[in-house]
Amino acid sequence: TSGILFQSVREIKIEGGGDIISIATSRESSYFLFDDGKARSCGRNDEGQLGNGDFINSESQKNPIVDVNVDEDIKRIGSGPSSQSVFFITDEDVWAAGLNDRHQLGIGEIGSKEMPV
């Protein structure tokens, strides 16, 4: 065996503004970028890594897919190895959310962020 254990697998419909053009995943969260520049996310959110403005795990919500709160068009998405997410607006502008106990988000302060900063 591969050592990977799935608790459950289920098909979900991801609705957005168009087609999904990119997917990023971390250990327990996933991020979906749509061709209209908007992103949605799902999964664990104990450090705010989903970027939707709270610390509630999305699987406990009625709709497990949540909107990422970035007002600008997102060009690329990424995720850290544990509980961070990044949203690239341009080559120079980057938003990030999630675990920040060791300055992982690069914002000059410590403390997890539930909204992209």
Side-chain angles (χ1 to χ4, degrees):
T1 67
S2 66
I4 298 173
L5 175 64
F6 292 97
Q7 291 181 346
S8 66
V9 176
R10 66 181 171 141
E11 183 177 345
I12 57 173
K13 185 174 184 177
I14 302 172
E15 295 179 0
D19 294 328
I20 296 173
I21 59 171
S22 182
I23 297 172
T25 62
S26 64
R27 188 174 65 197
E28 298 177 306
S29 304
S30 299
Y31 308 87
F32 310 94
L33 178 61
F34 290 85
D35 61 0
D36 67 352
K38 303 300 178 201
R40 304 197 79 201
S41 56
C42 65
R44 189 170 178 169
N45 196 34
D46 58 323
E47 298 292 343
Q49 62 265 40
L50 296 184
N52 67 322
D54 62 41
F55 294 100
I56 301 170
N57 293 334
S58 74
E59 67 269 11
S60 64
Q61 299 181 23
K62 182 178 179 182
N63 182 358
I65 309 296
V66 297
D67 293 323
V68 172
N69 289 325
V70 174
D71 291 332
E72 301 175 62
D73 285 350
I74 300 169
K75 306 296 183 210
R76 292 179 295 157
I77 55 175
S79 61
S82 57
S83 299
Q84 302 88 22
S85 55
V86 290
F87 310 99
F88 298 88
I89 307 305
T90 67
D91 288 340
E92 298 173 356
D93 296 320
V94 178
W95 294 75
L99 182 64
N100 191 40
D101 62 342
R102 294 185 181 101
H103 297 282
Q104 296 97 312
L105 301 184
I107 58 173
E109 63 184 60
I110 291 177
S112 296
K113 300 296 180 184
E114 74 278 11
M115 292 286 290
V117 292

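Computation of the quantities below employed the complete heavy-atom set of this structure, encompassing side-chain atoms and omitting hydrogens, waters and symmetry-equivalent molecules.
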Enquirer: Using the rule that Ile, Leu, Val, Met, Phe, Trp and Tyr join whenever any side-chain heavy atoms are under 4.5 Å apart, tell me whether Val68 and Ile65 fall into a single cluster.
Expert: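 Not linked; separate clusters.
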Enquirer: Does a salt bridge link Lys38 with Asp36, judged by any charged N lying under 4.0 Å from a carboxylate O?
Expert: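 No, Lys38 and Asp36 are not salt-bridged.
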Enquirer: Once rounded to the nearest 0.5 Å, what's the spacing between atom CD1 of Ile21 and atom CG of Asp35?
Expert: 6.0 Å
Enquirer: Could you report the tightest heavy-atom contact between Ala97 and Gly51, atom names first, then the distance?
Expert: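 What the structure gives for the nearest pair is CB-CA, 4.0 Å.
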Enquirer: According to side chain to side chain contact (heavy atoms under 4.5 Å, CB included), who are the partners of Ile20, at least two apart in sequence or on a separate chain?
Expert: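 Ile14, Ile23, Phe32, Phe34.
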Enquirer: Under a 4.5 Å side-chain heavy-atom rule over Ile, Leu, Val, Met, Phe, Trp and Tyr, are Tyr31 and Phe88 clustered together?
Expert: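 No, no single cluster joins them.
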Enquirer: Return the CG to OG distance between Leu99 and Ser85, rounded to the nearest 0.5 Å.
Expert: 11.0 Å
Enquirer: Kindly compute the distance separating CG (Asn100) from CD1 (Ile107), expressed to the nearest 0.5 Å.
Expert: 4.5 Å
Enquirer: Let me confirm one number: the CG-OG distance from Leu50 to Ser26, rounded to the nearest 0.5 Å.
Expert: 8.5 Å
Enquirer: Roughly how far, to the nearest 0.5 Å, is OG of Ser29 from CD of Gln84?
Expert: 10.0 Å
Enquirer: Using modelled atom types only, decide if a donor and an acceptor are shared between the side chain of Asn52 and the backbone of Asp67 within a distance under 3.5 Å.
Expert: no
Enquirer: Just grab all the salt bridge (charged side-chain N to carboxylate O under 4.0 Å, His left out) pairs involving residues 94-104, residues at least two apart or on different chains.
Expert: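 Not a single pair qualifies under salt bridge (charged side-chain N to carboxylate O under 4.0 Å, His left out).
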Enquirer: Under 3.5 Å, side chain of Ser79 to main-chain N/O of Thr25, donor-acceptor pair present?
Expert: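 Side chain of Ser79 to backbone of Thr25: a pair is present.
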Enquirer: Could you state the interatomic distance from CZ (Phe55) to CD (Gln49), rounded to the nearest 0.5 Å?
Expert: 9.0 Å
Enquirer: Going by atom type alone, with no hydrogens or angles, which donor-acceptor pairs under 3.5 Å involve a side-chain atom of residues 108-117 and a protein atom two or more places apart or on another chain?
Expert:
{"from": "Glu109", "atom 1": "OE2", "to": "Lys113", "atom 2": "NZ", "distance (Å)": "2.7"}
{"from": "Ser112", "atom 1": "OG", "to": "Glu47", "atom 2": "OE1", "distance (Å)": "2.5"}

Enquirer: List for me each residue that meets salt bridge (Lys or Arg N to Asp or Glu O under 4.0 Å) alongside Asp54, sequence neighbours excluded, and say none if there are none.
Expert: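 None.
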Enquirer: Return the set of residues passing side chain to side chain donor-acceptor pair (under 3.5 Å) with Glu72 (not counting sequence neighbours), or none when no residue passes.
Expert: none
Enquirer: Less than 4.5 Å apart, side chain to side chain, heavy atoms only: is that true for Ile77 and Ser22?
Expert: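 Ile77 vs Ser22: side chains touch.
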Enquirer: Could you list the donor-acceptor pairs under 3.5 angstrom formed between side-chain atoms of residues 89-96 and any protein atom two or more places apart in sequence or on another chain?
Expert:
{"from": "Thr90", "atom 1": "OG1", "to": "Glu92", "atom 2": "N", "distance (Å)": "3.1"}
{"from": "Thr90", "atom 1": "OG1", "to": "Asp93", "atom 2": "N", "distance (Å)": "3.0"}
{"from": "Thr90", "atom 1": "OG1", "to": "Asp93", "atom 2": "OD2", "distance (Å)": "3.3"}

Enquirer: Identify the two heavy atoms, one from Ser58 and one from Gly43, that lie closest to each other, and give their separation to 0.1 Å.
Expert: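 Nearest heavy atoms, Ser58 then Gly43: OG-N, 2.6 Å.
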